[in-house]
2 protein chains.
Amino acid sequence: MVSIADIAAAVELSTGTVSQILSRRDTRYSERTRVRVQEAAKRLGYRPNAMAKALECGRSNAVGIMFADLVGSLANDILTSALPMLEAAGYHALIGVNLWSPEREEQELETFLERRLEGILALPLDGQQAHYQAIQQAGVPLVFMCDWLPGIPADAVALDGHAAGVTLTNHLLAQGHRRIALISNDNQSEQLHARQAGYRAALLAAGLQPDPTLERLVDGADPDSIKTLILGLTCHPRPPTAIVFPVEAVAWQAMEILCDVPEARRPVVAAVGGLPMSSHRLVSLTTVNEPLAKIGRLAAERLLARMADRQRAPRQQLLRGDLVVRASTAPKKPLAKRKGGAAA
Amino acid sequence: MVSIADIAAAVELSTGTVSQILSRRDTRYSERTRVRVQEAAKRLGYRPNAMAKALECGRSNAVGIMFADLVGSLANDILTSALPMLEAAGYHALIGVNLWSPEREEQELETFLERRLEGILALPLDGQQAHYQAIQQAGVPLVFMCDWLPGIPADAVALDGHAAGVTLTNHLLAQGHRRIALISNDNQSEQLHARQAGYRAALLAAGLQPDPTLERLVDGADPDSIKTLILGLTCHPRPPTAIVFPVEAVAWQAMEILCDVPEARRPVVAAVGGLPMSSHRLVSLTTVNEPLAKIGRLAAERLLARMADRQRAPRQQLLRGDLVVRASTAPKKPLAKRKGGAAA
DNA sequence: TTGTAAGCGTTATCAA
DNA sequence: TTGATAACGCTTACAA
């Protein structure tokens, strides 16, 4: 690989001169020399060695962004808004994927540190505080997106999960539903807990006592778990007429299973999420949308702010998600005549 | 950030000694010294500087993987199989995303080069040969995934698009369809051309003359283009009874539009792809599945092989995709009584 | 068993 | 307007 020394040799100048001309737009060299150097660089296919530069300058000009997976459009939506901000500030972004493996998450974060990234945006795996403690101990600015870890004093930008749970549940209540179940997965994240808490709060606010038999978790290890759960609910002595799903993907699975349930006994469904599949006409799932583009943008801003001033007190920023009512909660046949109106 | 010199100072040894102990598992130091160094490293939170190491060793131990976007599960499926292979070989993978922007693609590849990545896996944007020419001029091993660029002599691992087009079309022919349309997007990629060519070949092989009025491209710039196209086809003097979609996402859009077409005049649809959404019961789109996991694995293997031996002649490896018949092509009411049987 | 010193590709400082 | 030289953090001969 051609180095600055090769160019220096080619044009018979010192490496210092070549470096100056190539990196900074310095006018203090003669036009002739500048052109000669530029041309030699182009001719030889010179490309600066990012590692040498970072080593010398003491900064990598890069930040890391960590995702659990790249399924759906979540990572894409976040990156689409975050990357331009980071780049405008002169940072390159390294994308890390942990594939839901805590070991992999730790390893990826470790390489972030070894590469001396100057800041990290992360969608954390629940329960892995130790990994992020290491980040903070290393003094690297950290901003959580979409979720956060209790006990880690980092900035966070996320959906207001509690409000989302409330909104979704209120929507169903407004449609006249009184037996509203909730099915989540066994992920212990703060964000999911908030969504679930919102569901309970809305029930209580409506004067309904949350029924623990209607609040269920799918067992991630058992692929049949969701089927068992759903069918179990439809056979419930007092079956639910609606189900809230804090996790959109679980709702999609449920909708498949509900195809086999007679319409009369089929609960309506609604979820927190907002990925494109839910808006597809054949799916038409009512959702409260996680504002991913906004999360990406704000998280990037926040990270840049923190890199500029490391003393700021970390702050959690919770964003409201919009309710999008779709066919999955459209009243097909009039339910019990209580509060007919369509919800906001 | 704590460096090897800090540790050396802390334990009152030379940096050379510390480096030896910390990097290679060298037994030639006294147990006592080794432990002291290890402990100091841990206590001080030492993390090797990846850039300094790479600089010194002359190799980055990293490869780059370039995607257009992170939508759907394509990138995830590929990474899930490719990452473990690359890591087993001692390489860290940097993920690049160009968000369908040629400028961004170029810039990302440029940073791959500046970071001295030792190999590159890429899902190339069509028409951007120049970017990849630069990679090859720089002598960096390159393997294309899912698609390839004409004129760039690189390895490639992809779906056999021609075979996929044939399979899909034959399936429809076997169901008795004779007027089979094709709707693709205006992407000029080799892979899409192959799929389209397969469609034509199958028609010809069945003794049917491809009808140019049934072969249409959606205009990516016009969001209504697909609707116009689909509705146009249903009003065709001799309307198609089936449509082949080389691009799965276009099929999904079409299915939404077809909801409004009376069932009698509604063509059946099938696509090349295989993302999870197509297998959802509410969508149930017949597909030929792109074997992404296999592509990721083989591409990683191929890249490693090429890094080991740069002289190998580049080779294109085309993989067969499995046909998965779903409701979208299930014969609802018996069509014209020609060749009833379900296809393989 | 440990220390010294050169060098990886850059940039920055200062002298020429 | 240019050229030395040191330094960034690390590895690796080689010397002690």
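Note that the structure is a prediction, hence the values are computed from the model and not measured. Within every chain, numbering begins at 1; the chains are lettered A, B, ... in the order of the sequence lines, protein sequences first and strands thereafter.
By the 4.5 Å heavy-atom criterion applied to side chains, B:Met51 and A:Glu114 are not counted as neighbours.
Among A:Glu105, A:Gln107, A:Glu108, A:Glu103, the single residue meeting the side chain to side chain donor-acceptor pair (under 3.5 Å) criterion with A:His131 is A:Glu105.
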Worksheet entry | Criterion salt bridge (charged side-chain N to carboxylate O under 4.0 Å, His left out) on B:Arg104 and A:Glu87, from CA distance to verdict | CA-CA 11 Å; B:Arg104 214 186 191 88; A:Glu87 279 163 18; 2.9 Å; yes
Practice prompt. Please step through side chain to side chain contact (heavy atoms under 4.5 Å, CB included) for the pair A:Tyr132 and A:Leu142, ending with a clear verdict.
Written response: CA-CA 8 Å; A:Tyr132 291 95; A:Leu142 170 66; 3.8 Å; yes
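Summarising the geometry, the separation between CZ on B:Arg59 and P on D:dC10 is reported as 19 Å, rounded to the nearest angstrom. Between B:Ile21 atom CD1 and D:dT12 atom P the separation is 15 Å, expressed in whole Å.
Taking the charged nitrogens against the carboxylate oxygens, B:Arg302 and B:Asp155 do have a contact shorter than 4.0 Å, which makes a salt bridge.
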Discussion item. Each nucleotide in nucleotides 7-14 of chain C should get exactly one letter: B, S or -. Can you fill that in based on protein heavy atoms under 4.0 Å?
Written reply: BBBBBBB-
